[in-house]
Amino acid sequence: MSGIPEPDEFRAEARTWLAGVARPRTADGEWGSGSDSVAVFENWTEEQEREHTARVQEWERTRYDQGWSALNWPQEYGGRSLPAYYEQLYRGEETAFDVPHRPEIFPVTQALVAPAIGLWGTEEQKRRWLVPMLRTDELACQLFSETEAGSDLAAVRTRAVREGDAWVLTGHKVWTSGARVATWGVAVCRTDPDVRKHAGITVFLVRMDAPGVTVRPIRQMTGGTSFNEVYLDGVRVPDTDRLGPVGEGWRVTLSVLAAERLDSGSLGLDNADRALDLAGNLSRPLTGSERQRAADLHLRTLVQRLMGLRVTAALVAGREPGAEASVGKLYATETMRRTSDLVSELLGPSLVADTGEWGTYAWTEHLLGAPGYSIAGGTDEIQRTILAERVLGLPKEPVR
């Protein structure tokens with residue numbers, strides 16, 4: 001491939017660059033030192049979220065400005081026109097360095113929303129939004145889920161009514177990550193209630209500081225507030241902030257969801273590795289059952305990483321990984337469940353008693369958060385439906 005470095009050459013260049021701008025991970029990688037957080041969903045206050053977001057933005061701007069971000073984007077957007085999987089090659093090298101952990105809003109902005117704008121946006125929208133989002137000067141959250149719609153996103157009730165050159169949005173969104181720090185919200189709205197539900201949807205980018213937008217945090221079992229409710233009360237959005245044609249919002253939404261599921265296959269691997277480290281650092285011998293669970297989890301992490309390579313191979317071949325992404329999401333969710341099972345057996349009562357001992361009570365955040373991923377990013381049932389239709393060729397359920 002002319003002008004494209006070989007993968008090994010690219011990885012060596014990435015390591016050299018990272019060594020010049022970040023410290024290698026050393027003490028934090030030793031058992032019993034550094035942070036013992038294994039939270040699935042971040043457990044922080046609004047102040048903590050804003051402080052951490054600012055640190056990550058500083059790092060992402062450094063990457064972008066020095067040519068190590070937006071790797072698969074054209075040069076006009078600050079990229080290098082590399083194949084999509086080079087981003088995964090870079091991320092693999094970055095794990096060896098002490099850089100800020102990216103909360104969900106960053107991959108949502110850079111890997112979900114920006115590509116959707118690249119696909120559906122007008123030339124003016126691309127000029128206005130892509131560089132600020134790829135550089136993370138502006139962040140975007142997803143205003144998708146609603147309490148009434150459940151897993152059926154096409155059943156959204158948030159209304160958008162045309163008034164001249166603007167639209168007036170009224171409705172309620174829920175489970176929105178990053179709403180407190182986002183500049184924009186990608187809102188899935190119903191613009192025509194008289195057609196079949198998939199045909200009457202339009203997508204808008206909404207300023208999160210616009211009049212009529214209210215963000216209310218949702219308290220988690222762990223005490224933090226990663227998620228939010230977002231109320232849209234007569235919010236005026238100019239037609240220039242509509243993404244895609246009127247009534248074609250379902251197709252726009254699917255392009256975002258496909259990217260979300262593609263990114264979900266690596267979920268839970270860090271915590272699974274940490275659970276295996278826990279098994280290897282207990283002060284007592286493992287029981288037969290614990291050995292069996294640990295061996296099973298170890299094999300699952302290997303298989304899950306191989307599945308990630310299959311997704312990468314699909315990208316290299318120019319295919320959208322549909323079935324591979326759904327299989328990866330299902331497999332990752334089960335890995336998280338089995339991580340919980342192993343840790344529960346290893347720690348016993350130490351898991352629920354906050355004694356201050358490193359790497360014990362912290363696991364409650366994983367156990368309480370992991371079940372949520374059977375819903376987030378498309379429920380297990382939705383993924384199985386995709387596989388039934390696209391792999392097994394079973395007929396689709398009639399659209400009502």
Side-chain angles (χ1 to χ4, degrees), residues 84-85 108 111-112 115-116 119-120 142 144-157 174-175 186 188-190 192-203 244-245 247-269 296 299-338 341 370-400:
Y85 69 95
V108 165
L112 276 63
L119 180 63
W120 293 97
Q142 293 172 268
F144 281 22
S145 298
E146 298 183 6
T147 52
E148 295 87 355
S151 297
D152 185 5
L153 187 56
V156 294
R157 297 186 182 181
V174 73
W175 307 123
V186 182
V188 179
C189 301
R190 183 154 304 285
D192 189 344
D194 299 322
V195 298
R196 63 184 182 87
K197 62 183 182 181
H198 290 85
I201 292 174
T202 306
V203 172
E248 293 290 333
W250 183 244
R251 296 174 61 200
V252 179
T253 302
L254 288 181
S255 65
V256 177
L257 291 176
E260 182 177 26
R261 288 161 190 170
L262 180 63
D263 192 53
S264 66
S266 61
L267 285 172
L269 284 173
D296 171 75
L299 291 175
R300 289 191 67 85
T301 63
L302 297 179
V303 172
Q304 190 170 328
R305 287 182 166 95
L306 287 173
M307 294 171 71
L309 294 177
R310 290 188 65 184
V311 170
T312 301
L315 288 171
V316 173
R319 294 189 295 107
E320 179 183 305
E324 295 95 336
S326 290
V327 170
K329 169 63 165 59
L330 284 168
Y331 201 89
T333 302
E334 183 61 24
T335 297
M336 297 176 82
R337 291 192 188 103
R338 298 198 188 193
D341 292 342
Y373 263 107
S374 65
I375 301 172
T379 65
D380 287 359
E381 291 76 15
I382 292 293
Q383 306 308 325
R384 293 189 179 100
T385 297
I386 291 172
L387 294 175
E389 294 174 356
R390 299 185 186 179
V391 178
L392 300 179
L394 298 179
K396 293 185 178 181
E397 181 180 353
V399 177
R400 296 180 176 85

Colleague: Would you check if D380 and K329 make a side-chain contact, meaning some heavy-atom pair closer than 4.5 Å?
Modeller: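 Result yes, sub-4.5 Å side-chain heavy-atom pair found.
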Colleague: Any side-chain heavy atom of L387 sitting closer than 4.5 Å to one from L330?
Modeller: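 The answer is yes, as the side chains (C-beta and beyond) meet within the 4.5 Å cut-off.
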Colleague: Closest heavy-atom contact between S374 and R337?
Modeller: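 Taking S374 first and R337 second, the nearest heavy atoms are CB-NH2, 3.5 Å.
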Colleague: Restricting to non-hydrogen atoms, name the atom on M336 and the atom on G268 that form the minimum distance, rounded to 0.1 Å.
Modeller: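 That would be CG-CA, 3.9 Å.
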Colleague: May I have the step-by-step check of side-chain contact (heavy atoms from CB on, under 4.5 Å) for E146 and V174, ending in yes or no?
Modeller: CA-CA 5 Å; E146 298 183 6; V174 73; 5.5 Å; no
Colleague: I'd like to check R300 versus Y331 (side-chain heavy atoms, cut-off strictly below 4.5 Å). Are they in contact?
Modeller: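 Result yes, sub-4.5 Å side-chain heavy-atom pair found.
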Colleague: Apply salt bridge (Lys or Arg N to Asp or Glu O under 4.0 Å) to R157 and list each qualifying residue two or more places apart in sequence or on a separate chain.
Modeller: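 Applying salt bridge (Lys or Arg N to Asp or Glu O under 4.0 Å) to R157 gives none.
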Colleague: Under the side chain to side chain contact (heavy atoms under 4.5 Å, CB included) rule, collect the residues that match up with L394, sequence neighbours excluded.
Modeller: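 Listed in chain order: A388, L392.
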Colleague: Check whether R384 reaches the backbone of S326 with its side chain - one donor and one acceptor, N or O, closer than 3.5 Å.
Modeller: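 Looks like no, no N/O pair under 3.5 Å.
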Colleague: R251 versus P245: any side-chain heavy-atom pair under 4.5 Å?
Modeller: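 No, every pair of side-chain atoms sits at 4.5 Å or beyond.
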Colleague: Mind checking whether V186 and F144 have side chains closer than 4.5 Å, heavy atoms only?
Modeller: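 Of all side-chain heavy-atom pairs linking F144 with V186, at least one is under 4.5 Å.
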Colleague: Do you know which two heavy atoms are closest between V156 and C189, and how far apart they sit?
Modeller: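 Shortest heavy-atom contact: CG2-C, 4.4 Å.
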Colleague: List the residues meeting ring pair (Phe, Tyr, Trp, His ring centres under 6.0 Å) with W120, not counting sequence neighbours, and say none if there are none.
Modeller: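 For W120, no residue satisfies ring pair (Phe, Tyr, Trp, His ring centres under 6.0 Å) once neighbours in sequence are set aside.
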Colleague: What distance separates D296 CG from T335 OG1, expressed to the nearest 0.5 Å?
Modeller: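 Between atom CG of D296 and atom OG1 of T335 there are 8.5 Å.
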Colleague: Taking C-beta and beyond as the side chain, do T202 and E248 meet within less than 4.5 Å on heavy atoms?
Modeller: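 T202 vs E248: side chains apart.
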Colleague: Give, for atom CD of Q304 and atom CG of L269, the distance between the pair rounded to the nearest 0.5 Å.
Modeller: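 It comes to 4.0 Å.
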